[in-house]
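For reference, the structure discussed in these notes is given below.
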There are 2 protein chains.
Amino acid sequence: MPTLADVARLARVSEITASRVVRAQGPIAEATRLRVLSAIAELGYIPNRAAGSLASAESTLMSVLLPSLSNIVFPDVLRGIHTALTETAFQPVIGVTDYDPLVEERILVSFLAWQPAAVILAGLHHTPTARRHLEHGRFRVAELMDIDGEPVDIAVGMSHRQAGYETGKHLIKRGYRRFGYARHNISTDDRASARYEGLCLALKEGGLSLIAEHCYPGASSTKAGREALQILLAATPGLDVVVFPNDDMAMGGIFHCMHAGIAVKEKLGIFGFNGLDIGQAMPMPLSTILSKRFLIGKTAAEKLLESRERPAGKTIIDTGFDIIEGATA
Amino acid sequence: MPTLADVARLARVSEITASRVVRAQGPIAEATRLRVLSAIAELGYIPNRAAGSLASAESTLMSVLLPSLSNIVFPDVLRGIHTALTETAFQPVIGVTDYDPLVEERILVSFLAWQPAAVILAGLHHTPTARRHLEHGRFRVAELMDIDGEPVDIAVGMSHRQAGYETGKHLIKRGYRRFGYARHNISTDDRASARYEGLCLALKEGGLSLIAEHCYPGASSTKAGREALQILLAATPGLDVVVFPNDDMAMGGIFHCMHAGIAVKEKLGIFGFNGLDIGQAMPMPLSTILSKRFLIGKTAAEKLLESRERPAGKTIIDTGFDIIEGATA
DNA sequence: GCGTTTTATGGTAGCGCTGTCATAAATCTT
DNA sequence: AAGATTTATGACAGCGCTACCATAAAACGC
């Protein structure tokens, strides 16, 4: 493998000059630049980033820790991040935490070994050790999805509590009174919990409360939603609306209604969260809340690139959410 | 930041001994090991992987180049890869090529700067430059999804040509005769093209051919499928089955039928590809082919970890596919 | 009990690059 | 035209770790 020294020799310049050409840094005479560039091309030189990172004590890697890849939500965020990083020198290294803060901590530490330029993670809740690393590290930090709390550096997302609250207000305004809720078993999905709390608060303010709940004993999925709704309705007849923690489960709910001949919206309202494309492409578009996942990822990565140094103050960016009225509630 | 030298000093051993403890490599007396470990804990030492990679000329990074993150297919593959890498020291660095071989080449080169232990990419078709890098590099290479061709090192996937062929045979056996096909505009989706060819071959062998095609002028999506089917049926009445390049579009097709009051299966068969969960959770499960995306990712990563050195022979692993009869064709 | 193997540890050099400081050449002031 | 500034380049050290080789101590064989 050719090294920078080989390039420098061929171009008849010093290593450091060749290095400057590679990094497009510092003043370089155009003729010299061209000579170095042609030497690079001739040798097929590829810079060694490990050496570069070691020498400069900083890398072009950006650590991305996501809770899951099982539904499209986090890939959407990742897509946003990747979009912002295209055309920059930064590269995302990804880890999946399975919604487990201890796994998050373990992966974070292993990522720090690369001296990343920035760390992106989901949520504001981390282990004390992880939080300590994040606070004391010489890198930027973005905490995504959630803004209900105090970030280490930057938070980009929306208030899930408020989304839950608005959901409740919206459904009450639409005339629904007998609320059910179908959850899944990921108790560490803080954001789903925050939406749940917001929903309960809105109901309480309206003199109502959830009259039925069912927790599906497994991860979130369309099938989970379908089965959960079936059980919920069997146990508590007379519900007029069921709120789901996300669109996947809500679509399962709709599928159950289609199967069981229940008139969605008239007889039973169905409300989700996320605003996935597929729910909106249905003949009866899902009533839900649009979370701006791509935007969250993109905005976060862009913000992180603005400055290498962590500024004094913390930044909170609210990407907001939209209620999609849809046709199911 | 504490370095290995600090750890060594505190544990009263040489740097190299401390290094061996960190890497769990070579014979170390238990007492020494414990002393080093406690020094590491006390100092909060985090190894510097850039230095390690530079010294050993190999990294724990695995480059993963995916065509897209826009539907769940590649995240599923990534999830499989990640699952195989959990509990190992390897970390995936990801890049998205947008189905563009030139973008793939550019990202590949930037990834090679990290001296990755392995490179994972999709498909067997790359630019000549990319192919040269892959062939001459000192790393393992896995080419995923497709096995209709000659891999550089390992290929893991299925024969898309055969999947298309089986689709045709299956639908002919079911009595369908008047075939339509709805495509999307990503002409570089080699695998969709291979399935298309296989389908045409099966039709030809049955004395049939596609009597209608429509290309949606945009990327694949549920909405694309819905609109494509509408146009297809308007232009060519009398179709009795429409094959879609994937489940997302096929579900759009079903949604169009629901909306237009067309009896799916009896009046019009709908066939997809991928076997996504959501299609199977519908009241009328989608007839499709199950591609084993998670398995492909997991198998590939596991195979790559078996040996650092590229073996003499090439490995092709056929993960196969299942026809899901479903209720829509 | 003396050579032989195994186990445990260390010294040294160097991986390929970039930061720092120095210097030379070109350009600008007045 | 002499000094001040800007532009362009280089020498050198060292980032933190591991490969390589050497060595010492313990265990083994007959």
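Letters A, B, ... are given to chains in the order of the sequence lines, protein chains preceding strands, and every chain is numbered from 1.
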Q: Provide, to the nearest angstrom, the distance between the CD atom belonging to B:Q115 and the P atom belonging to D:dC17.
A: 17 Å

Q) If you measure only the distance, is there a donor-acceptor pair under 3.5 Å linking the side chains of B:R106 and B:S110? A) no

Q. Are any of the side-chain heavy atoms of B:L124 and B:V152 separated by less than 4.5 Å?
A. no

Q: Would you kindly compare A:A51 and B:E30 by the position of their nearest DNA chain C nucleotide and give the one closer to the 5′ end?
A: B:E30

Q. To the nearest Å, how far apart are A:Q25 CD and C:dG19 C1'?
A. 10 Å

Short heteroatom pairs, N/O only, protein and nucleotides 21-24 of chain C, under 3.5 Å:
none

Q) Which whole-number value in Å describes the distance from B:R49 CZ to D:dG16 P? A) 15 Å

Q.
Strictly below 4.0 Å: does B:T17 bring a side-chain N or O up to OP1 or OP2 of C:dG10?
A. yes

Q: Say whether A:T86 and A:T83, considering side chains only, have a donor N or O and an acceptor N or O under 3.5 Å apart.
A: no

Q) Could you state the CZ-P distance from A:R9 to C:dG16, rounded to the nearest angstrom? A) 12 Å

Q) Do A:T127 and A:E105 have side-chain atoms, one donor and one acceptor, less than 3.5 Å apart? A) yes

Q: For B:I46 and D:dC17, give me the distance from atom CD1 to atom P, rounded to whole Å.
A: 11 Å

Q.
Classify B:T32 by what it touches in the nucleic acid, base, sugar-phosphate, or nothing, heavy-atom distance under 4.0 Å.
A. sugar-phosphate

Q. In whole angstrom, what separates B:I28's CD1 from D:dT18's C1'?
A. 13 Å

Q.
Between P on D:dG14 and CD1 on A:I16, what's the gap in Å once rounded to a whole number?
A. 16 Å

Nucleotide N/O to protein N/O under 3.5 Å, stretch nucleotides 4-7 of chain C:
none

Q. Looking only at side-chain N and O atoms, does B:S14 come under 4.0 Å of OP1 or OP2 in C:dG10?
A. yes

(Q) What is the separation between atom CG on A:L4 and atom P on D:dG10, rounded to the nearest whole Å? (A) 12 Å

Q) Does OP1 or OP2 of C:dG19 have a side-chain N or O of A:R23 closer than 4.0 Å? A) yes

Q: Would you classify A:A57 as touching base, sugar-phosphate or nothing, given that sugar-phosphate means primed atoms plus P, OP1 and OP2, and contacts are heavy atoms under 4.0 Å?
A: nothing

